[in-house]
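Positions are given from 1 along the sequence. For ligands, and for the atoms within them, numbers begin at 1 and follow the listed sequence. Because the structure is predicted, anything quoted here is derived from the model rather than measured.
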Amino acid sequence: MAEKQDAIALLKADHRKVEDLFEQFEKASGEGRKQKIALEICLELTVHAQIEEEIFYPACEGKVEEDLLKEAYVEHDGAKVLIAEIEAGAPSDDFYDAKVKVLSEQIEHHVEEEEKRMEGMFSQARHAGLDMDALGDQLRARKEELIANYKTNGLTKPETTTLTEATV
Ligand SMILES: [Fe+2]
Ligand SMILES: [Fe+2]
């Protein structure tokens, strides 16, 4: 059996998966195919942001630069706005491809902030001595639960954490 992933390995694997899906979207033709990939991206990102916000980010509190952590929450919320738009839209919409593209660019930046060597969030958390094995178990369990839930009940509009009502 493969070794269990620790928290950072699990979160990085999610990042790689979603990058691959964005690439697939760029190459895809046909509205049905594009929508299927886009919705998969929305599901993956929604679950990923949720497990980070419920489990990983709170564990980073006090261990990682506060500004970096706060910006990460706001970046998630920016992505959630586009995710909600993409979920509610269709590939025939005027701005559909543009929304997916801009989402991919925002995610690319966000992933860089998490994964950057030395000063990135994951690196800071690792150096602060967080128990990545225990966090990995928690993230994996919650991820499985959320995916099962979304597969049964469908995607729901992701809840933002930092935005005020006026903007969402
Ligand atoms: Fe992440
Ligand atoms: Fe994140």
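- For the Fe ion (ligand 2), the count of nearby protein N/O/S atoms, taking only those under 2.8 Å, is 5.
- Below 30°, between 30° and 60°, or above 60°: for F122 and H15 the angle between ring planes is below 30°, a parallel geometry.
- Atom-to-atom distance recorded for H48:NE2 and E53:CD is 10.0 Å, nearest 0.5 angstrom.
- Using a 4.0 Å cut-off between charged nitrogen and carboxylate oxygen, K143 and D14 count as a salt-bridge pair.
- Its N, O or S atom nearest to the Fe ion (ligand 1) is what matters here, and for H15 that atom is NE2.
- No more than 12 heavy atoms of other residues, nucleotides or ligands sit less than 6.0 Å from atom NZ of K101.
- For the side-chain contact (heavy atoms from CB on, under 4.5 Å) criterion with K99, the lone passing option out of V81, I83, L82, D94 is L82.
- Checked by atom type and distance alone, the side chain of R140 pairs as donor or acceptor with a backbone atom of Q5 at under 3.5 Å.
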